[in-house]
Trainee: 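Below: one structure in structure tokens.
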Amino acid sequence: MPGKKLRFFDVVGDTKDFLIYDNSSNKYFWQMRINGKENNREKLSIQVAGANIRIWTYHEVLNVLIINEIPKTMFGVRTGESGSDSSQFVESFRRINQMYILRFFKPWIWPDFLFKLSKDGKETIQHTQIIHDFTRNIIQQKKNRYLNDLRHHDSEKHKALLDLLLEKHMETGELSEEDIREEVDTFASAGHETVSISIAWALYLIGLHSEVQMKIHEELDTVFGEDTTRPVTEKDCNNLQYLDCVLKETSRIYPAAPWFGRKTPEDTTTNICGHKIPKGTICIVMTYILHRDEEVFPDPEKFDPERFSPENCIKIPEYAYIPFSAGPRNCIGRRFAMMEMKVIISSILRNFSIESLDARDKVKPFFYITLHSSLPFRIRFRPREFQKQH
């Protein structure tokens with residue numbers, strides 16, 4: 001496309017189609033690692049089972065767990081076995097988020113050249129380099145396999161997303177290596193943060209509502225029986241319909257992305273509810289507020305997964321519920337994110353019953369770029385086997 005940069009959305013459709021699938025064992029690699037005996041699963045079990053009451057913040061376990069899975073699941077490569085690179089990535093991303101928000105309240109460093117000279121700017125540049133190094137390492141691993149003529153071996157399995165991006169770079173020249181890095185940055189950064197936050201909020205809400213948790217346990221027992229270790233398949237995910245409702249209601253009350261921006265077209269004036277919006281205007285959509293429209297969601301602060309039952313969700317207007325944004329620029333990884341959340345939460349709740357120790361009036365939502373909690377989540381985990389014996 002001469003004169004026009006190829007957009008990522010022009011290359012791929014839904015990222016769920018690029019999950020690495022192992023046909024021989026009928027499970028996704030990332031499910032194998034969560035449910036198997038590798039380090040991440042063991043760390044997760046230790047964190048939730050090591051004490052009756054645990055001060056638990058989502059980035060302690062979930063961020064590192066998920067950022068370790070994304071390279072293998074989406075890109076077909078492994079990160080370092082030690083996990084130090086992943087932990088550094090998570091910490092750098094967290095600090096960049098903080099610097100971004102703090103900059104809003106410091107107008108004297110709004111100009112880029114002044115920001116780069118400031119202490120905050122220098123720290124941001126340092127953490128940005130760590131993130132770029134992490135993603136460049138992912139690209140280089142995959143590129144080495146490609147150049148060593150191992151792509152034919154890889155093609156026997158389901159293609160990874162990075163395979164397609166490298167084809168566009170190596171064979172057609174439609175994407176530069178920097179274009180690929182930007183896309184890998186986006187997936188690695190946004191993919192781990194939003195999913196881990198959503199899982200944390202979901203576990204917190206489930207732990208507050210015993211009747212909801214009971215229904216989830218009943219559904220899990222129906223799908224998996226007494227087998228608490230069998231990996232979760234795509235079919236299982238599709239059968240977890242009540243858990244799907246729970247996750248959607250969680251994203252309504254606590255959307256991981258509580259706001260997003262859009263720019264009106266340059267070639268026309270936009271009309272919204274009778275108000276003319278000038279060309280090229282930056283508009284902010286407040287998802288957090290939109291999801292509390294009482295006309296669509298009566299008693300909006302109530303946690304009610306039944307809002308998203310098959311008979312009720314068809315009554316929700318198309319753009320009244322948009323946790324993954326909407327339109328041609330909506331979240332390309334939405335189905336992948338839902339599968340991740342189902343696998344991780346089902347893996348936890350197949351083994352544990354949970355109880356949240358702080359009411360919602362104490363744990364307030366806190367707006368960063370994503371929706372954090374004002375306090376750490378305090379959640380009590382009890383092995384389900386213990387309950388059955390008593």
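Position 1 is the first residue of the sequence; numbering continues from there.
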Trainee: Could you check whether any side-chain N or O of Gln213 sits under 3.5 Å from a backbone N or O of Ile354, counting only pairs where one atom can act as donor and the other as acceptor?
Mentor: yes
Trainee: Pick one: which of Lys106, Arg95, Gln98 meets side chain to side chain donor-acceptor pair (under 3.5 Å) with Asp120?
Mentor: Lys106
Trainee: Would you say Leu220 ends up clustered with Leu205 if hydrophobic residues are merged whenever their side chains have heavy atoms under 4.5 Å apart, either directly or through other cluster members?
Mentor: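 In one cluster with Leu205: Leu220, yes.
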Trainee: For Arg230, does its backbone N or O pair with a side-chain atom of Arg350 as donor and acceptor, under 3.5 Å?
Mentor: yes
Trainee: Hey, could you give me each pair passing ring pair (Phe, Tyr, Trp, His ring centres under 6.0 Å) that has a residue in residues 276-299? Not counting sequence neighbours.
Mentor: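 For residues 276-299: Tyr288-Phe367, His291-Tyr321.
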Trainee: Identify the heavy atoms of Phe377 and Ala200 that sit nearest to each other, and give their distance.
Mentor: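 Shortest heavy-atom contact: CE1-CB, 3.6 Å.
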Trainee: Could you walk me through whether Trp110 and Phe104 pass the ring-ring contact (aromatic ring centres under 6.0 Å, His included) test, one step at a time?
Mentor: CA-CA 8 Å; Trp110 284 357; Phe104 275 120; 7.7 Å; no
Trainee: Quick one: list whatever passes side-chain contact (heavy atoms from CB on, under 4.5 Å) with Leu290, sequence neighbours left out.
Mentor: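 Residues passing side-chain contact (heavy atoms from CB on, under 4.5 Å) with Leu290: Ile322.
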Trainee: Is it true that Lys215 and Glu218 have a side-chain N and a carboxylate O under 4.0 angstrom from each other?
Mentor: no
Trainee: Under the rule for ring-ring contact (aromatic ring centres under 6.0 Å, His included), what residues qualify as partners of Phe303, not counting sequence neighbours?
Mentor: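 Result, ring-ring contact (aromatic ring centres under 6.0 Å, His included) vs Phe303: His209.
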Trainee: Please table the atom pairs, donor to acceptor, closer than 3.5 Å between any side-chain atom in residues 237-244 and protein atoms at least two apart or in another chain.
Mentor:
from	atom 1	to	atom 2	distance (Å)
Asn238	ND2	Glu234	O	3.4
Asn239	ND2	Lys235	O	3.3
Asp244	OD1	Lys342	NZ	3.3
Asp244	OD2	Lys248	NZ	3.1

Trainee: In terms of side-chain geometry, is the basic nitrogen of Lys364 or Asp358 positioned less than 4.0 Å from the acidic oxygen of its partner?
Mentor: no
Trainee: So, taking the atom named CG in Asn351 and the one named CZ in Phe381, what distance separates them when rounded to the nearest 0.5 Å?
Mentor: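 If we round to the nearest 0.5 Å, Asn351:CG and Phe381:CZ are 11.5 Å apart.
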Trainee: Show, in sequence, the C-alpha distance, side-chain angles and deciding distance for Ser198 and Trp201, and conclude whether the side chain to side chain contact (heavy atoms under 4.5 Å, CB included) test is met.
Mentor: CA-CA 5 Å; Ser198 296; Trp201 281 115; 6.0 Å; no
Trainee: I'd like to check the side-chain contact (heavy atoms from CB on, under 4.5 Å) partners of Thr222; sequence neighbours left out, ordered by chain and number.
Mentor: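 Here no residue qualifies.
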Trainee: Can you sort out the partners of Phe105 under ring-ring contact (aromatic ring centres under 6.0 Å, His included), two or more places apart, ordered by chain and number?
Mentor: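 Result, ring-ring contact (aromatic ring centres under 6.0 Å, His included) vs Phe105: none returned.
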